[in-house]
Protein chains: 2
Amino acid sequence: MTTILVVEDEPEIRRFLRSTLGAEGYRVVEAPNARRGSVDAGTHKPDLAIVDLALPDYDGRELIRDIRKWSSMPIVVLSARHQERTKIEALDAGADDYITKPFGVGELLARVRAALRHAARSPAGQALVLGSAKVDLEKRRAWRDGAEVHLTPIEFRLLAFLAKHLGMVVTHRQLLAEVWGPPYVEQTHYLRIYMKQLRDKLEADALRPRHFLTESGVGYRLVADEEP
Amino acid sequence: MTTILVVEDEPEIRRFLRSTLGAEGYRVVEAPNARRGSVDAGTHKPDLAIVDLALPDYDGRELIRDIRKWSSMPIVVLSARHQERTKIEALDAGADDYITKPFGVGELLARVRAALRHAARSPAGQALVLGSAKVDLEKRRAWRDGAEVHLTPIEFRLLAFLAKHLGMVVTHRQLLAEVWGPPYVEQTHYLRIYMKQLRDKLEADALRPRHFLTESGVGYRLVADEEP
DNA sequence: AATGCGCGTAAAGACGCCGTAAAGAAATGG
DNA sequence: CCATTTCTTTACGGCGTCTTTACGCGCATT
(Lines give C-alpha, C1' and ligand atoms only; values in the text may rest on other atoms or scores of the structure.)
Protein backbone atom coordinates (compact mmCIF):
# COMPACT_ATOMS: atom_id res chain seq x y z
CA MET A 1 0.00 0.00 0.00
CA THR A 2 1.27 3.39 -0.92
CA THR A 3 1.75 5.71 2.03
CA ILE A 4 1.80 9.48 1.71
CA LEU A 5 2.98 11.81 4.43
CA VAL A 6 1.19 15.14 4.58
CA VAL A 7 2.94 17.92 6.49
CA GLU A 8 0.45 20.76 6.69
CA ASP A 9 -0.75 22.98 9.50
CA GLU A 10 -4.02 24.27 8.10
CA PRO A 11 -6.71 21.77 9.16
CA GLU A 12 -8.91 22.54 6.19
CA ILE A 13 -6.27 21.73 3.62
CA ARG A 14 -5.21 18.68 5.63
CA ARG A 15 -8.75 17.43 5.61
CA PHE A 16 -8.99 18.00 1.90
CA LEU A 17 -5.78 16.11 1.25
CA ARG A 18 -6.78 13.28 3.53
CA SER A 19 -10.10 12.72 1.82
CA THR A 20 -8.82 13.22 -1.71
CA LEU A 21 -5.79 10.97 -1.34
CA GLY A 22 -7.68 8.49 0.80
CA ALA A 23 -10.33 8.12 -1.86
CA GLU A 24 -7.61 7.20 -4.33
CA GLY A 25 -6.49 4.37 -2.12
CA TYR A 26 -3.43 5.97 -0.60
CA ARG A 27 -2.70 5.63 3.09
CA VAL A 28 -2.30 9.10 4.54
CA VAL A 29 -0.15 10.03 7.52
CA GLU A 30 -0.63 13.56 8.78
CA ALA A 31 1.77 15.88 10.57
CA PRO A 32 0.78 19.40 11.62
CA ASN A 33 4.30 20.81 11.81
CA ALA A 34 7.85 20.29 10.62
CA ARG A 35 9.13 18.54 13.72
CA ARG A 36 6.38 15.94 13.59
CA GLY A 37 6.85 15.69 9.86
CA SER A 38 10.52 14.90 10.28
CA VAL A 39 9.78 12.17 12.82
CA ASP A 40 6.95 10.66 10.83
CA ALA A 41 9.04 10.63 7.68
CA GLY A 42 11.48 8.41 9.56
CA THR A 43 9.03 6.16 11.38
CA HIS A 44 6.38 5.64 8.71
CA LYS A 45 8.73 5.45 5.74
CA PRO A 46 6.20 7.00 3.39
CA ASP A 47 6.48 6.55 -0.36
CA LEU A 48 5.99 10.26 -0.91
CA ALA A 49 5.79 13.44 1.15
CA ILE A 50 3.63 16.49 0.59
CA VAL A 51 5.08 19.44 2.48
CA ASP A 52 3.62 22.86 3.04
CA LEU A 53 6.31 25.53 2.99
CA ALA A 54 4.72 27.73 5.64
CA LEU A 55 4.82 25.68 8.80
CA PRO A 56 4.35 26.98 12.34
CA ASP A 57 7.58 25.70 13.88
CA TYR A 58 10.33 25.76 11.31
CA ASP A 59 10.63 26.17 7.62
CA GLY A 60 9.54 23.60 5.09
CA ARG A 61 12.87 24.01 3.30
CA GLU A 62 14.65 22.86 6.45
CA LEU A 63 12.42 19.84 6.61
CA ILE A 64 13.23 18.99 3.01
CA ARG A 65 16.97 19.25 3.62
CA ASP A 66 16.45 17.06 6.70
CA ILE A 67 14.73 14.36 4.74
CA ARG A 68 17.16 14.54 1.85
CA LYS A 69 20.00 13.64 4.20
CA TRP A 70 18.81 10.08 4.38
CA SER A 71 16.05 9.57 1.84
CA SER A 72 15.33 10.16 -1.80
CA MET A 73 11.57 9.82 -1.44
CA PRO A 74 9.69 12.12 -3.77
CA ILE A 75 8.71 15.40 -2.13
CA VAL A 76 5.97 17.62 -3.43
CA VAL A 77 5.81 21.14 -2.06
CA LEU A 78 2.67 23.15 -1.32
CA SER A 79 3.22 26.84 -1.71
CA ALA A 80 1.12 29.94 -1.61
CA ARG A 81 1.04 32.33 -4.50
CA HIS A 82 3.44 34.88 -3.09
CA GLN A 83 6.15 32.44 -2.02
CA GLU A 84 7.82 32.34 -5.42
CA ARG A 85 11.29 32.66 -4.00
CA THR A 86 10.78 30.18 -1.19
CA LYS A 87 9.33 27.70 -3.63
CA ILE A 88 12.40 27.81 -5.81
CA GLU A 89 14.65 27.40 -2.79
CA ALA A 90 12.60 24.39 -1.79
CA LEU A 91 13.14 22.84 -5.21
CA ASP A 92 16.84 23.60 -5.00
CA ALA A 93 16.83 21.99 -1.55
CA GLY A 94 15.64 18.77 -3.06
CA ALA A 95 11.90 18.95 -3.59
CA ASP A 96 10.72 17.34 -6.80
CA ASP A 97 7.67 19.36 -7.67
CA TYR A 98 5.32 21.98 -6.36
CA ILE A 99 1.63 22.75 -6.29
CA THR A 100 0.41 26.27 -5.87
CA LYS A 101 -2.56 26.92 -3.64
CA PRO A 102 -5.36 26.98 -4.46
CA PHE A 103 -5.13 23.74 -6.39
CA GLY A 104 -7.63 21.30 -7.82
CA VAL A 105 -8.01 17.61 -7.23
CA GLY A 106 -6.87 16.71 -10.71
CA GLU A 107 -3.72 18.73 -10.45
CA LEU A 108 -2.90 17.26 -7.05
CA LEU A 109 -3.37 13.67 -8.13
CA ALA A 110 -1.53 14.19 -11.38
CA ARG A 111 1.48 15.56 -9.55
CA VAL A 112 1.38 12.80 -6.97
CA ARG A 113 1.13 10.11 -9.62
CA ALA A 114 3.93 11.68 -11.63
CA ALA A 115 6.16 11.84 -8.57
CA LEU A 116 5.47 8.23 -7.59
CA ARG A 117 5.98 7.05 -11.15
CA HIS A 118 9.21 8.96 -11.29
CA ALA A 119 10.44 7.36 -8.08
CA ALA A 120 9.43 3.88 -9.19
CA ARG A 121 10.96 4.13 -12.61
CA SER A 122 13.86 1.81 -13.12
CA PRO A 123 17.15 3.67 -13.15
CA ALA A 124 17.63 2.51 -16.73
CA GLY A 125 16.09 5.35 -18.64
CA GLN A 126 15.50 3.18 -21.68
CA ALA A 127 13.54 4.73 -24.50
CA LEU A 128 11.87 8.07 -24.01
CA VAL A 129 8.91 8.87 -26.21
CA LEU A 130 8.06 12.50 -26.88
CA GLY A 131 5.24 12.57 -29.38
CA SER A 132 6.77 11.90 -32.75
CA ALA A 133 10.28 11.93 -31.31
CA LYS A 134 12.12 9.15 -29.54
CA VAL A 135 15.28 9.20 -27.46
CA ASP A 136 17.47 6.33 -26.38
CA LEU A 137 19.33 7.64 -23.37
CA GLU A 138 21.66 4.67 -23.14
CA LYS A 139 22.77 4.72 -26.72
CA ARG A 140 22.77 8.52 -26.78
CA ARG A 141 20.72 8.61 -29.93
CA ALA A 142 17.54 10.40 -30.92
CA TRP A 143 15.02 10.17 -33.72
CA ARG A 144 12.18 12.27 -34.98
CA ASP A 145 9.61 10.97 -37.44
CA GLY A 146 11.88 8.01 -38.04
CA ALA A 147 14.93 10.02 -39.04
CA GLU A 148 17.83 10.16 -36.68
CA VAL A 149 18.57 13.52 -35.10
CA HIS A 150 22.02 14.50 -34.01
CA LEU A 151 22.34 15.94 -30.52
CA THR A 152 25.46 17.78 -29.42
CA PRO A 153 27.01 16.86 -26.06
CA ILE A 154 25.43 19.76 -24.20
CA GLU A 155 22.08 19.19 -25.76
CA PHE A 156 22.27 15.60 -24.68
CA ARG A 157 23.30 16.31 -21.13
CA LEU A 158 20.52 18.83 -20.83
CA LEU A 159 18.02 16.34 -22.14
CA ALA A 160 19.37 13.58 -19.94
CA PHE A 161 19.06 15.64 -16.79
CA LEU A 162 15.53 16.66 -17.66
CA ALA A 163 14.72 13.04 -18.41
CA LYS A 164 16.17 11.94 -15.11
CA HIS A 165 13.54 14.16 -13.51
CA LEU A 166 10.85 13.30 -15.99
CA GLY A 167 7.64 15.14 -15.22
CA MET A 168 9.26 17.01 -12.33
CA VAL A 169 10.29 20.63 -12.22
CA VAL A 170 13.97 21.37 -12.52
CA THR A 171 15.14 24.85 -11.59
CA HIS A 172 17.41 27.01 -13.68
CA ARG A 173 20.10 26.65 -11.05
CA GLN A 174 19.94 22.88 -11.03
CA LEU A 175 20.19 22.64 -14.78
CA LEU A 176 23.02 25.10 -15.07
CA ALA A 177 24.95 23.56 -12.20
CA GLU A 178 24.53 20.10 -13.63
CA VAL A 179 25.13 20.73 -17.31
CA TRP A 180 27.53 23.68 -17.32
CA GLY A 181 28.88 23.50 -13.77
CA PRO A 182 28.36 25.55 -10.59
CA PRO A 183 30.08 28.72 -11.85
CA TYR A 184 27.36 29.05 -14.46
CA VAL A 185 24.25 28.98 -12.26
CA GLU A 186 23.40 32.54 -13.26
CA GLN A 187 23.70 32.18 -17.01
CA THR A 188 20.03 31.50 -17.57
CA HIS A 189 20.43 32.76 -21.09
CA TYR A 190 22.36 29.66 -22.09
CA LEU A 191 19.38 27.63 -21.04
CA ARG A 192 17.10 29.54 -23.34
CA ILE A 193 19.45 29.02 -26.24
CA TYR A 194 19.86 25.29 -25.76
CA MET A 195 16.25 24.66 -24.83
CA LYS A 196 15.37 26.18 -28.14
CA GLN A 197 17.72 23.82 -29.92
CA LEU A 198 16.17 20.84 -28.21
CA ARG A 199 12.73 22.07 -29.06
CA ASP A 200 13.71 22.68 -32.66
CA LYS A 201 15.10 19.21 -32.94
CA LEU A 202 12.54 17.22 -30.96
CA GLU A 203 9.25 19.09 -30.71
CA ALA A 204 6.72 18.73 -33.51
CA ASP A 205 5.84 22.40 -33.14
CA ALA A 206 8.64 24.31 -31.48
CA LEU A 207 6.38 27.30 -31.01
CA ARG A 208 3.90 25.33 -28.93
CA PRO A 209 6.11 22.94 -26.98
CA ARG A 210 4.25 19.96 -25.59
CA HIS A 211 7.15 18.26 -23.88
CA PHE A 212 9.79 20.82 -23.06
CA LEU A 213 7.67 23.03 -20.83
CA THR A 214 8.66 26.34 -19.36
CA GLU A 215 7.92 26.99 -15.70
CA SER A 216 8.07 30.73 -15.79
CA GLY A 217 10.45 32.23 -13.28
CA VAL A 218 11.31 28.76 -12.00
CA GLY A 219 12.80 26.43 -14.55
CA TYR A 220 11.75 23.71 -16.98
CA ARG A 221 9.91 20.43 -16.98
CA LEU A 222 10.16 17.56 -19.42
CA VAL A 223 6.91 15.69 -19.96
CA ALA A 224 6.77 12.42 -21.87
CA ASP A 225 3.33 11.37 -23.02
CA GLU A 226 -0.14 11.89 -21.63
CA GLU A 227 0.72 14.18 -18.77
CA PRO A 228 -0.72 17.60 -17.93
CA MET B 1 -31.78 16.30 8.54
CA THR B 2 -30.10 19.60 8.03
CA THR B 3 -29.42 21.51 11.23
CA ILE B 4 -28.94 25.27 11.32
CA LEU B 5 -27.57 27.14 14.29
CA VAL B 6 -28.97 30.63 14.78
CA VAL B 7 -26.98 32.96 17.03
CA GLU B 8 -29.15 36.00 17.55
CA ASP B 9 -30.14 38.00 20.60
CA GLU B 10 -33.24 39.78 19.40
CA PRO B 11 -36.17 37.44 20.14
CA GLU B 12 -38.24 38.78 17.28
CA ILE B 13 -35.69 38.00 14.61
CA ARG B 14 -34.98 34.69 16.24
CA ARG B 15 -38.65 33.82 16.07
CA PHE B 16 -38.76 34.85 12.43
CA LEU B 17 -35.77 32.70 11.55
CA ARG B 18 -37.09 29.76 13.49
CA SER B 19 -40.44 29.76 11.71
CA THR B 20 -39.03 30.52 8.26
CA LEU B 21 -36.30 27.93 8.37
CA GLY B 22 -38.48 25.45 10.20
CA ALA B 23 -41.11 25.66 7.51
CA GLU B 24 -38.43 24.72 4.98
CA GLY B 25 -37.69 21.57 6.87
CA TYR B 26 -34.48 22.64 8.60
CA ARG B 27 -33.89 21.82 12.22
CA VAL B 28 -33.13 25.05 14.06
CA VAL B 29 -30.96 25.38 17.14
CA GLU B 30 -31.06 28.80 18.80
CA ALA B 31 -28.46 30.60 20.85
CA PRO B 32 -29.05 34.08 22.30
CA ASN B 33 -25.39 35.06 22.64
CA ALA B 34 -21.91 34.26 21.44
CA ARG B 35 -20.89 32.07 24.32
CA ARG B 36 -23.92 29.82 23.90
CA GLY B 37 -23.39 29.92 20.16
CA SER B 38 -19.86 28.67 20.54
CA VAL B 39 -20.97 25.80 22.77
CA ASP B 40 -23.91 24.85 20.58
CA ALA B 41 -21.75 24.90 17.47
CA GLY B 42 -19.62 22.28 19.12
CA THR B 43 -22.34 20.12 20.64
CA HIS B 44 -24.98 20.19 17.91
CA LYS B 45 -22.58 20.08 14.96
CA PRO B 46 -24.90 22.12 12.77
CA ASP B 47 -24.60 22.05 9.00
CA LEU B 48 -24.65 25.84 8.85
CA ALA B 49 -24.53 28.78 11.25
CA ILE B 50 -26.33 32.09 10.99
CA VAL B 51 -24.58 34.63 13.20
CA ASP B 52 -25.68 38.12 14.13
CA LEU B 53 -22.73 40.45 14.39
CA ALA B 54 -24.11 42.53 17.27
CA LEU B 55 -24.30 40.17 20.19
CA PRO B 56 -24.67 41.13 23.86
CA ASP B 57 -21.66 39.32 25.28
CA TYR B 58 -18.86 39.34 22.75
CA ASP B 59 -18.42 40.08 19.12
CA GLY B 60 -19.74 37.94 16.31
CA ARG B 61 -16.34 38.15 14.64
CA GLU B 62 -14.79 36.49 17.67
CA LEU B 63 -17.36 33.75 17.48
CA ILE B 64 -16.56 33.18 13.82
CA ARG B 65 -12.83 32.95 14.49
CA ASP B 66 -13.66 30.52 17.31
CA ILE B 67 -15.64 28.26 15.05
CA ARG B 68 -13.11 28.47 12.23
CA LYS B 69 -10.46 27.03 14.49
CA TRP B 70 -12.05 23.62 14.24
CA SER B 71 -14.78 23.70 11.63
CA SER B 72 -15.35 24.75 8.07
CA MET B 73 -19.12 24.79 8.34
CA PRO B 74 -20.69 27.54 6.26
CA ILE B 75 -21.34 30.71 8.23
CA VAL B 76 -23.78 33.37 7.14
CA VAL B 77 -23.59 36.71 8.89
CA LEU B 78 -26.50 38.97 9.79
CA SER B 79 -25.54 42.61 9.79
CA ALA B 80 -27.25 45.94 10.09
CA ARG B 81 -26.89 48.51 7.38
CA HIS B 82 -24.38 50.65 9.25
CA GLN B 83 -22.06 47.78 10.14
CA GLU B 84 -20.27 47.80 6.81
CA ARG B 85 -16.86 47.61 8.37
CA THR B 86 -17.73 44.92 10.87
CA LYS B 87 -19.32 42.86 8.15
CA ILE B 88 -16.15 42.87 6.07
CA GLU B 89 -14.09 41.89 9.07
CA ALA B 90 -16.49 39.04 9.68
CA LEU B 91 -15.97 37.83 6.12
CA ASP B 92 -12.22 38.15 6.50
CA ALA B 93 -12.52 36.15 9.73
CA GLY B 94 -14.03 33.29 7.81
CA ALA B 95 -17.71 33.97 7.22
CA ASP B 96 -18.97 32.86 3.82
CA ASP B 97 -21.78 35.27 3.14
CA TYR B 98 -23.87 37.99 4.68
CA ILE B 99 -27.44 39.20 4.81
CA THR B 100 -28.27 42.79 5.60
CA LYS B 101 -31.16 43.56 7.89
CA PRO B 102 -33.96 43.97 7.14
CA PHE B 103 -34.12 41.00 4.82
CA GLY B 104 -36.84 39.03 3.14
CA VAL B 105 -37.63 35.36 3.28
CA GLY B 106 -36.53 34.77 -0.29
CA GLU B 107 -33.12 36.30 0.21
CA LEU B 108 -32.56 34.43 3.44
CA LEU B 109 -33.42 31.04 1.97
CA ALA B 110 -31.45 31.69 -1.19
CA ARG B 111 -28.32 32.50 0.81
CA VAL B 112 -28.80 29.50 3.06
CA ARG B 113 -29.28 27.16 0.13
CA ALA B 114 -26.28 28.59 -1.68
CA ALA B 115 -24.08 28.19 1.39
CA LEU B 116 -25.19 24.60 1.98
CA ARG B 117 -24.69 23.76 -1.66
CA HIS B 118 -21.23 25.28 -1.56
CA ALA B 119 -20.29 23.21 1.48
CA ALA B 120 -21.62 20.01 -0.03
CA ARG B 121 -19.93 20.47 -3.36
CA SER B 122 -17.31 17.87 -4.01
CA PRO B 123 -13.82 19.30 -3.89
CA ALA B 124 -13.50 18.43 -7.56
CA GLY B 125 -14.32 21.69 -9.23
CA GLN B 126 -14.25 20.12 -12.67
CA ALA B 127 -15.99 22.15 -15.31
CA LEU B 128 -17.43 25.51 -14.41
CA VAL B 129 -20.23 26.80 -16.60
CA LEU B 130 -20.80 30.54 -16.81
CA GLY B 131 -23.49 31.12 -19.38
CA SER B 132 -21.84 30.76 -22.76
CA ALA B 133 -18.43 30.36 -21.21
CA LYS B 134 -16.85 27.25 -19.76
CA VAL B 135 -13.80 26.82 -17.58
CA ASP B 136 -11.84 23.68 -16.84
CA LEU B 137 -10.05 24.48 -13.63
CA GLU B 138 -7.95 21.36 -13.70
CA LYS B 139 -6.63 21.77 -17.19
CA ARG B 140 -6.36 25.55 -16.73
CA ARG B 141 -8.29 26.18 -19.91
CA ALA B 142 -11.31 28.30 -20.76
CA TRP B 143 -13.72 28.60 -23.67
CA ARG B 144 -16.38 31.04 -24.71
CA ASP B 145 -18.90 30.23 -27.41
CA GLY B 146 -16.81 27.23 -28.32
CA ALA B 147 -13.59 29.15 -28.94
CA GLU B 148 -10.76 28.75 -26.51
CA VAL B 149 -9.89 31.83 -24.50
CA HIS B 150 -6.42 32.48 -23.24
CA LEU B 151 -6.15 33.37 -19.55
CA THR B 152 -2.97 34.81 -18.11
CA PRO B 153 -1.62 33.36 -14.86
CA ILE B 154 -3.09 36.12 -12.71
CA GLU B 155 -6.42 35.97 -14.44
CA PHE B 156 -6.51 32.28 -13.83
CA ARG B 157 -5.56 32.48 -10.18
CA LEU B 158 -8.20 35.11 -9.61
CA LEU B 159 -10.82 32.98 -11.30
CA ALA B 160 -9.72 29.86 -9.43
CA PHE B 161 -10.05 31.53 -6.05
CA LEU B 162 -13.47 32.92 -6.88
CA ALA B 163 -14.50 29.49 -8.11
CA LYS B 164 -13.28 27.88 -4.93
CA HIS B 165 -15.80 30.08 -3.13
CA LEU B 166 -18.46 29.74 -5.77
CA GLY B 167 -21.57 31.69 -4.87
CA MET B 168 -19.97 33.07 -1.71
CA VAL B 169 -18.65 36.54 -1.12
CA VAL B 170 -14.92 37.02 -1.25
CA THR B 171 -13.50 40.25 0.16
CA HIS B 172 -10.99 42.46 -1.58
CA ARG B 173 -8.43 41.56 1.06
CA GLN B 174 -8.88 37.85 0.61
CA LEU B 175 -8.49 38.07 -3.14
CA LEU B 176 -5.49 40.33 -3.04
CA ALA B 177 -3.76 38.32 -0.34
CA GLU B 178 -4.31 35.10 -2.22
CA VAL B 179 -3.59 36.16 -5.77
CA TRP B 180 -1.02 38.92 -5.33
CA GLY B 181 0.22 38.15 -1.83
CA PRO B 182 -0.26 39.78 1.58
CA PRO B 183 1.72 42.95 0.77
CA TYR B 184 -0.91 43.85 -1.82
CA VAL B 185 -4.07 43.69 0.28
CA GLU B 186 -4.66 47.42 -0.23
CA GLN B 187 -4.25 47.54 -4.01
CA THR B 188 -7.93 47.20 -4.76
CA HIS B 189 -7.33 48.89 -8.07
CA TYR B 190 -5.56 45.79 -9.39
CA LEU B 191 -8.72 43.89 -8.70
CA ARG B 192 -10.77 46.25 -10.80
CA ILE B 193 -8.35 45.94 -13.67
CA TYR B 194 -8.22 42.16 -13.67
CA MET B 195 -11.90 41.67 -12.95
CA LYS B 196 -12.56 43.66 -16.05
CA GLN B 197 -10.31 41.40 -18.07
CA LEU B 198 -12.09 38.33 -16.81
CA ARG B 199 -15.44 39.90 -17.60
CA ASP B 200 -14.25 40.89 -21.06
CA LYS B 201 -13.08 37.38 -21.73
CA LEU B 202 -15.83 35.33 -20.12
CA GLU B 203 -19.01 37.38 -19.72
CA ALA B 204 -21.43 37.57 -22.64
CA ASP B 205 -22.06 41.22 -21.85
CA ALA B 206 -19.21 42.69 -19.85
CA LEU B 207 -21.28 45.76 -19.08
CA ARG B 208 -23.97 43.71 -17.39
CA PRO B 209 -22.02 40.95 -15.65
CA ARG B 210 -24.16 37.99 -14.70
CA HIS B 211 -21.46 35.86 -13.12
CA PHE B 212 -18.67 38.11 -11.89
CA LEU B 213 -20.73 40.15 -9.46
CA THR B 214 -19.57 43.18 -7.54
CA GLU B 215 -20.37 43.40 -3.85
CA SER B 216 -19.92 47.10 -3.49
CA GLY B 217 -17.60 48.09 -0.70
CA VAL B 218 -16.99 44.45 0.14
CA GLY B 219 -15.61 42.35 -2.66
CA TYR B 220 -16.78 40.06 -5.42
CA ARG B 221 -18.85 36.96 -5.89
CA LEU B 222 -18.71 34.40 -8.67
CA VAL B 223 -22.03 32.85 -9.55
CA ALA B 224 -22.28 29.88 -11.89
CA ASP B 225 -25.70 29.13 -13.31
CA GLU B 226 -29.17 29.45 -11.87
CA GLU B 227 -28.31 31.37 -8.74
CA PRO B 228 -29.82 34.63 -7.49
C1' DA C 1 -25.63 71.98 -5.06
C1' DA C 2 -21.20 70.34 -3.79
C1' DT C 3 -18.28 66.85 -2.23
C1' DG C 4 -16.37 62.44 -1.67
C1' DC C 5 -16.24 57.49 -2.45
C1' DG C 6 -16.36 53.23 -4.86
C1' DC C 7 -16.31 51.40 -9.12
C1' DG C 8 -15.45 50.81 -14.06
C1' DT C 9 -12.81 52.09 -17.95
C1' DA C 10 -8.84 53.41 -20.56
C1' DA C 11 -4.17 54.07 -21.45
C1' DA C 12 0.70 54.33 -21.02
C1' DG C 13 5.47 53.53 -19.52
C1' DA C 14 8.74 50.60 -17.08
C1' DC C 15 10.29 46.27 -16.09
C1' DG C 16 11.28 41.29 -16.04
C1' DC C 17 11.23 36.90 -18.25
C1' DC C 18 11.29 34.43 -22.21
C1' DG C 19 12.11 33.29 -27.02
C1' DT C 20 14.54 34.24 -31.20
C1' DA C 21 18.36 35.40 -34.06
C1' DA C 22 22.97 36.16 -35.24
C1' DA C 23 27.82 36.39 -35.05
C1' DG C 24 32.62 36.23 -33.75
C1' DA C 25 35.99 34.06 -30.59
C1' DA C 26 37.54 30.09 -28.31
C1' DA C 27 37.91 25.38 -27.51
C1' DT C 28 37.54 20.72 -28.81
C1' DG C 29 38.32 16.53 -31.28
C1' DG C 30 39.35 13.75 -35.34
C1' DC D 1 44.71 21.49 -39.63
C1' DC D 2 39.74 21.54 -40.20
C1' DA D 3 35.05 20.99 -38.75
C1' DT D 4 32.16 21.08 -35.10
C1' DT D 5 30.68 22.69 -30.88
C1' DT D 6 30.60 25.79 -27.35
C1' DC D 7 31.13 30.29 -25.23
C1' DT D 8 29.78 34.84 -24.97
C1' DT D 9 27.77 38.87 -26.41
C1' DT D 10 24.38 41.90 -28.57
C1' DA D 11 19.95 42.86 -30.02
C1' DC D 12 15.08 42.66 -30.85
C1' DG D 13 10.24 41.44 -29.99
C1' DG D 14 6.45 39.56 -27.27
C1' DC D 15 3.94 38.87 -23.24
C1' DG D 16 2.47 39.74 -18.77
C1' DT D 17 2.75 42.38 -14.77
C1' DC D 18 3.31 46.56 -12.07
C1' DT D 19 2.17 51.12 -11.28
C1' DT D 20 0.34 55.42 -12.22
C1' DT D 21 -2.75 58.88 -14.15
C1' DA D 22 -7.10 60.22 -15.57
C1' DC D 23 -11.94 60.47 -16.66
C1' DG D 24 -16.92 59.32 -16.08
C1' DC D 25 -20.66 57.52 -13.42
C1' DG D 26 -23.77 56.66 -9.64
C1' DC D 27 -24.63 57.08 -4.97
C1' DA D 28 -24.61 58.88 -0.42
C1' DT D 29 -23.38 62.58 2.60
C1' DT D 30 -23.17 67.38 3.74
Side-chain angles (χ1 to χ4, degrees), chain A residues 81-82 84-85 87-88 100 140 142 149-159 169-173 175-176 178-203 205-221, chain B residues 81-85 87-88 100 140 149-159 169-173 175-176 178-203 205-221:
Chain A
R81 191 25 67 191
H82 52 281
E84 198 70 10
R85 199 190 168 75
K87 178 176 77 184
I88 296 173
T100 304
R140 315 196 121 229
V149 173
H150 174 68
L151 296 183
T152 71
I154 285 217
E155 284 163 8
F156 192 84
R157 269 185 292 163
L158 187 53
L159 174 59
V169 180
V170 189
T171 64
H172 296 139
R173 291 184 78 85
L175 282 169
L176 287 161
E178 185 70 23
V179 177
W180 280 267
Y184 291 76
V185 291
E186 314 249 288
Q187 305 297 321
T188 50
H189 190 51
Y190 292 5
L191 276 179
R192 287 197 274 277
I193 293 172
Y194 283 88
M195 284 302 298
K196 169 163 174 59
Q197 323 228 105
L198 282 177
R199 281 170 174 159
D200 281 346
K201 290 183 178 178
L202 298 175
E203 287 275 10
D205 181 358
L207 297 178
R208 271 180 208 70
R210 282 174 29 203
H211 303 100
F212 295 84
L213 306 185
T214 302
E215 297 283 328
S216 195
V218 180
Y220 293 90
R221 179 200 300 271
Chain B
R81 218 162 257 308
H82 57 280
Q83 296 178 306
E84 198 69 9
R85 198 191 167 74
K87 178 176 76 184
I88 296 173
T100 306
R140 317 196 122 230
V149 173
H150 175 68
L151 297 183
T152 70
I154 285 214
E155 285 163 7
F156 190 85
R157 282 180 336 236
L158 188 53
L159 174 60
V169 180
V170 188
T171 65
H172 296 139
R173 290 185 79 84
L175 282 169
L176 287 161
E178 188 67 26
V179 177
W180 279 267
Y184 291 76
V185 291
E186 315 250 288
Q187 305 296 323
T188 50
H189 190 51
Y190 292 4
L191 275 180
R192 287 197 274 277
I193 294 172
Y194 282 88
M195 284 302 298
K196 167 161 177 60
Q197 322 223 108
L198 281 178
R199 282 169 172 160
D200 282 346
K201 289 183 178 179
L202 297 176
E203 288 276 9
D205 181 358
L207 297 178
R208 272 176 211 72
R210 282 173 30 202
H211 304 98
F212 295 85
L213 306 185
T214 301
E215 296 285 328
S216 196
V218 180
Y220 293 89
R221 180 200 300 268

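Lettering of chains follows the sequences in order, A, B, ..., and the numbering in each one begins at 1.
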Starting at atom [atom1] of [X], determine the distance to atom [atom2] of [N], rounded to an integer number of angstrom.
X        : N      : atom1 : atom2 : result
B:Ile193 : C:dC7  : CD1   : P     : 14 Å
A:Ile154 : D:dT8  : CD1   : P     : 10 Å
B:Arg157 : D:dG16 : CZ    : C1'   : 11 Å
B:Leu158 : D:dT17 : CG    : P     : 11 Å
B:Leu191 : C:dG8  : CG    : P     : 9 Å
A:Glu155 : D:dC7  : CD    : C1'   : 14 Å
B:Asp200 : C:dG8  : CG    : C1'   : 11 Å
B:Arg192 : C:dA10 : CZ    : C1'   : 14 Å

Query raised in the report: Can you list, by residue number, the residues of residues 180-190 of chain B that have a non-hydrogen atom closer than 4.0 angstrom to DNA chain D?
Result: B:Trp180, B:Tyr184, B:His189, B:Tyr190
Query - Candidate pair B:Leu159 and B:Tyr194, rule side-chain contact (heavy atoms from CB on, under 4.5 Å), full reasoning - result: CA-CA 10 Å; B:Leu159 174 60; B:Tyr194 282 88; over 6 Å; no
Mind checking whether [X] and [Y] have side chains closer than 4.5 Å, heavy atoms only?
X        : Y        : result
A:Thr214 : A:Tyr220 : yes
A:Met195 : A:Leu158 : yes
A:Glu215 : A:Ile88  : no
A:Lys87  : A:Thr100 : yes

Does [X] make a side-chain N or O approach to OP1 or OP2 of [N] shorter than 4.0 Å?
X        : N      : result
A:Arg199 : C:dG19 : yes
A:His150 : D:dT5  : yes
B:Thr214 : C:dG8  : yes

**Report entry** Plane angle bin for A:Tyr190 and A:Tyr184 - parallel if under 30°, tilted between 30 and 60°, otherwise perpendicular
**Finding:** tilted
**Report entry** N/O donor-acceptor pair under 3.5 Å between A:Glu203 side chain and A:Phe212 backbone
**Finding:** yes
**Report entry** Verdict with supporting geometry, B:His211 and B:Leu202, side-chain contact (heavy atoms from CB on, under 4.5 Å)
**Finding:** CA-CA 9 Å; B:His211 304 98; B:Leu202 297 176; over 6 Å; no
Report task. Using a 4.0 Å heavy-atom cut-off across all strands, classify B:Phe156 as base, sugar-phosphate, or nothing. Result -> nothing
Requested in this report: I would like to know whether A:Glu84 and A:Val218 meet side-chain contact (heavy atoms from CB on, under 4.5 Å); could you show each step before the answer?
Outcome: CA-CA 8 Å; A:Glu84 198 70 10; A:Val218 180; 3.6 Å; yes
Query raised in the report: Closest to the A:Tyr194 side chain: D:dT17, C:dT20, D:dT6?
Result: D:dT6
Just the table, please: protein N/O against nucleotides 23-30 of chain D N/O, every pair under 3.5 Å.
none

Requested in this report: Take A:Thr152 and B:Leu151, find for each the nucleotide of DNA chain D with the closest heavy atom, and name the residue whose nucleotide sits nearer the 5' end.
Outcome: A:Thr152
Report task. Please round to the nearest 0.5 Å and tell me the distance separating atom CG of B:Leu176 and atom CD of B:Glu186. Result -> 9.0 Å
Query raised in the report: Starting at the 5' end of DNA chain C and moving along, which residue's nearest nucleotide shows up first, A:Gly219 or B:Tyr220?
Result: B:Tyr220
